[in-house]
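Every heavy atom of this structure was used, including side-chain atoms; hydrogens, water molecules and symmetry mates were not. Each ligand, and each atom within it, is numbered from 1 in the order the structure gives. Quick caveat: nothing in here was measured; it's all calculated off a predicted structure.
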Amino acid sequence: MGKDFHHPFQPYDIQVQLMDKIYDLLNSDKKVGIFESPTGTGKTLSLICSTVTWLRENKLDNLSKTLDNSSLSDSEFTSSDEEPEWVNQFYNDKILKEKSKVLQDYETYLDTLSASNVKPVLRQLDNHDRKRQKKIIKHVDVSLEDNEGAFLPDPYEQDSSPNDSKTQLNDEIHNLLAKIDKGYGVKTEQQLDFTSPLKIYFSSRTHSQLMQFASQLTLPSFPPSSPMLANERIKFLPLASRKQLCINENVSKLKSDLINDSCADAVKKHECQFYTNSKDNLTSKQFRDYTFAEINDIEDMVKLGKSLRVCPYYSSRTALAGAEIVTLPYQHLLSFEVRQSLGIDLKDSIVIIDEAHNLMDTITNIYSCDISLADILSCKELMTTYFNRFKRRLNGGNRVNLMKIMKLLNIIQTFIQKNFERGKEILPQIIIQDNNADLLKIHELVTYMRVSKIAYKIDSFADSKPKSNAPHFNTIKQPVLFKFSKFITSLSNLSTEGKFFFEDEMTIKYMLLEPNMVFKTIVEESKCVILAGGTMQPTSDFTENLLPFVAQDKIVQYSCNHIIPDSNLDTYVVSNGFNFNYEKRNAELVMKNLFEFLEELGTRVPYGIVAFFPSYKYLEQIVSFWKSKGFFERLKGIKEIFYETHGGADVLTEYSARILDQHKGAFIFSVVGGKLSEGINFQDNLARAVVMVGLPFPNVYSSELLVKKKHIEQKIFSAGGSQKDADVATNEFYENICMKAVNQSIGRAIRHENDYACIYLVDERYLIGKVQNKLSQWVRKRIKPQSNTRDVLNETSIFFQQKH
Ligand SMILES: Nc1ncnc2c1ncn2[C@@H]1O[C@H](COP(=O)(O)OP(=O)(O)OP(=O)(O)O)[C@@H](O)[C@H]1O
Ligand code: SF4
């Protein structure tokens with residue numbers, strides 16, 4: 001019998017293997033686990049069950065370690081090596097009992113909350129609140145409408161900084177809380193301080209993935225961390241942004257870029273009652289206790305906040321110390337500043353990053369930025385209008401800084417106009433040289449923009465104007481001053497971490513080139529990091545580019561098989577007459593061969609066939625060639641055809657409808673990296689065959705890739721490498737991008753245990769061992785022995801005959 005991970009179902013073999021691997025990782029001194037588990041194989045539950053089992057087994061130990069001796073005020077004993085064994089044992093038992101008692105008391109208290117059926121009472125409160133909230137909102141609305149002063153920054157002195165003031169909870173709320181407590185027979189004074197020394201931080205890309213995690217967390221139940229406890233519920237906290245959690249309608253209704261600053265403004269001016277309430281210790285503990293009484297997701301947190309009339313965003317911080325599992329969006333985890341502001345301490349914690357296949361791109365995007373000439377002109381227009389309107393009411397500090405920003409905008413405008421050359425690298429100091437711009441002290445301007453929230457002030461001023469009265473604002477769609485603020489912040493970044501260069505449309509872009517620097521602190525601070533995803537191959541991309549600072553023997557890699565039986569997936573390399581590299585793919589013969597292959601396939605495969613093409617341009621070219629030769633119509637006679645176009649309409653809905661409708665089915669031609677290659681499930685009849693046309697290498701002549709290539713070369717040269725070494729490294733880099741995209745695309749088809757499909761890798765280059773090694777393991781191991789196209793088609797017929 002293997003280890004019991006308290007899985008709510010009979011776990012699949014591959015789940016058992018994955019849970020074992022994760023559990024072993026946690027019991028070792030290794031730092032990183034890279035785990036690939038195909039979609040539909042219950043990855044989320046495997047992650048939950050293995051990590052929470054480990055956490056519960058180790059929690060009490062850690063609690064004892066972190067125990068402050070002063071809390072054992074009544075203890076006459078202290079543990080020491082010199083004491084006889086029985087004395088130490090007695091001491092340890094005593095600590096265990098005391099800690100267990102704290103945990104048990106808290107459980108009993110939470111029992112009273114959930115047993116008394118919290119939600120109806122909260123709903124009742126919610127109704128009461130709605131009426132009251134209207135009053136608060138009305139009050140704030142009036143103050144905003146009547147007074148343009150709301151758009152003015154506070155008087156600015158060089159070292160001024162925001163200062164939150166604490167205010168008292170109002171009487172009415174006290175009364176309501178007292179009523180709840182009375183109802184449950186529990187006094188507020190009895191609320192307990194409670195911390196969890198071990199934590200699991202689970203981060204994913206989208207809101208819906210975090211919601212899915214919360215729902216899966218409700219399924220298993222775990223034994224308590226101490227044998228002295230009757231039960232111990234999971235203490236779960238879903239952290240989210242203000243955009244998701246804000247319950248102040250004056251703020252939450254704003255554009256997402258404005259919410260953070262608008263909230264900070266409302267807090268500072270005591271205009272958010274929910275914030276004021278959350279500063280009350282008792283109320284915020286109340287929020288924490290309801291949060292922990294059961295598994296609540298982000299939407300429940302909003303309801304809870306509204307019911308208790310406390311800000312869910314700020315109150316969540318009170319719950320952080322006691323949480324065992326915390327979910328949070330990528331942006332929160334990956335930014336050191338955000339972690340700090342939320343009070344997230346990763347020490348001793350297990351960090352799980354789900355959907356990690358795009359992690360490096362995500363880090364790069366978070367830390368990269370750009371500004372175009374058009375943005376600069378919009379900023380200038382906004383600033384001029386704002387300045388003219390308010391100049392008499394601004395204090396000296398604000399006036400001087402606004403003039404400096406105007407000056408910097410002029411300098412950047414001139415720089416772009418004089419020097420633009422697509423792809424050209426720029427040294428940040430060049431932008432501001434020769435213009436006395438160094439006198440501007442960029443650091444000080446960055447601080448000014450952050451502290452004064454001037455970008456928010458100006459943007460909300462522009463937003464407040466009826467568009468017809470301010471025609472010059474009509475064309476300015478997004479808060480460009482935020483963009484500018486991010487851009488000038490990046491001007492002070494280290495040039496070894498990223499580069500500035502010109503991109504299309506008169507734009508200067510800053511691109512982070514060493515995402516590992518950002519990730520290093522996370523790996524170093526935490527106990528260990530788990531990178532999980534459905535398609536993690538090629539993992540060398542992670543070890544070399546994201547984790548170069550972690551020794552190989554501190555990294556565990558594991559790739560799960562699929563849950564489907566072997567007979568549910570065949571993979572073929574279709575090589576005869578197919579090479580879609582740049583030189584050969586435009587040959588008419590290649591395009592004709594592809595048509596003939598698809599024509600044959602269409603008669604053998606029921607329902608849907610999804611084909612992925614390397615680019616929109618190539619797909620367009622093929623379609624027009626086929627149309628000119630009458631091939632398109634012939635193919636259409638076999639199955640209906642839907643295809644993606646760049647920026648074109650959604651074709652998936654119609655395609656899905658057609659598949660449901662007819663056995664004849666349809667083709668859907670998609671583009672790798674396009675709308676249909678990520679996040680969409682082509683399960684069951686939506687894809688009985690997936691055809692990958694060629695190898696989707698990225699466009700190596702794009703400005704971004706040229707800059708990255710140069711960066712890789714420079715790194716190799718400075719480590720003493722030759723041009724040949726540099727070429728190998730850049731090719732490896734391009735190949736990794738390409739194969740990651742292939743894995744993502746072909747991974748769309750098999751989505752659950754009973755699903756079945758065939759995968760066709762159409763290009764002779766898929767025969768190369770190095771290329772095959774970068775395929776997801778569950779696909780690679782199902783590649784059929786090489787045969788000609790005719791045999792591939794015959795085997796296809798047999799595959800589908802066996803399924804019907
Ligand atoms: N061993 C099992 N037996 C039956 N159902 C299971 C088992 N393991 C997980 N499930 C359930 O199967 C459903 C689908 O799991 P799925 O693999 O899609 O989730 P996931 O791991 O989150 O997927 P993804 O890889 O897309 O993140 C879930 O609702 C889950 O509770
Ligand atoms: S304190 Fe909370 S409720 Fe108030 S504005 Fe900020 S996020 Fe919204």
> What about T41: any of its N or O atoms under 3.5 Å from an N or O on ligand 1?
Replying inline: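 Min N/O separation from ligand 1 is below 3.5 Å for T41.
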
> Does any N/O atom on G42 come nearer than 3.5 Å to any N/O atom on ligand 1?
Replying inline: yes

For [atom], find the nearest protein heavy atom and state the residue, atom name and distance (0.1 Å precision).
{"atom": "atom 21 (O) of ligand 1", "answer": "K43 N, 2.5 Å"}
{"atom": "atom 1 (S) of ligand 2", "answer": "Y275 CB, 3.5 Å"}
{"atom": "atom 30 (C) of ligand 1", "answer": "Q216 OE1, 3.1 Å"}
{"atom": "atom 1 (N) of ligand 1", "answer": "Q15 OE1, 2.8 Å"}

Using a heavy-atom cut-off of under 4.0 Å, does the side chain or the backbone of [X] touch ligand 1, or both, or neither?
{"X": "T39", "result": "both"}
{"X": "R751", "result": "neither"}
{"X": "Y12", "result": "both"}
{"X": "Q209", "result": "neither"}

> Numbering the atoms of ligand 2 from 1, which are under 4.0 Å from a heavy atom of C272?
Replying inline: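 Matching atoms, with element in brackets: 1 (S), 3 (S), 4 (Fe), 5 (S).
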
>> I'd like to check which ligand 2 atoms, numbered from 1 as shown, lie under 4.0 Å from a non-hydrogen atom of Y314.
In response: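 The atoms of ligand 2 under 4.0 Å from a heavy atom of Y314 are 1 (S).
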
> Do any of the N, O or S atoms of C311 sit under 2.8 Å from atom 6 (Fe) of ligand 2?
Replying inline: no

> Short list, please: which atoms of ligand 1 are under 4.0 Å from a heavy atom of Q212?
Replying inline: 19 (O), 22 (O)

> Heavy-atom distance to atom 6 (Fe) of ligand 2: which of S278, C246, C263 wins?
Replying inline: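 Minimum heavy-atom distance to atom 6 (Fe) of ligand 2 goes to C263.
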
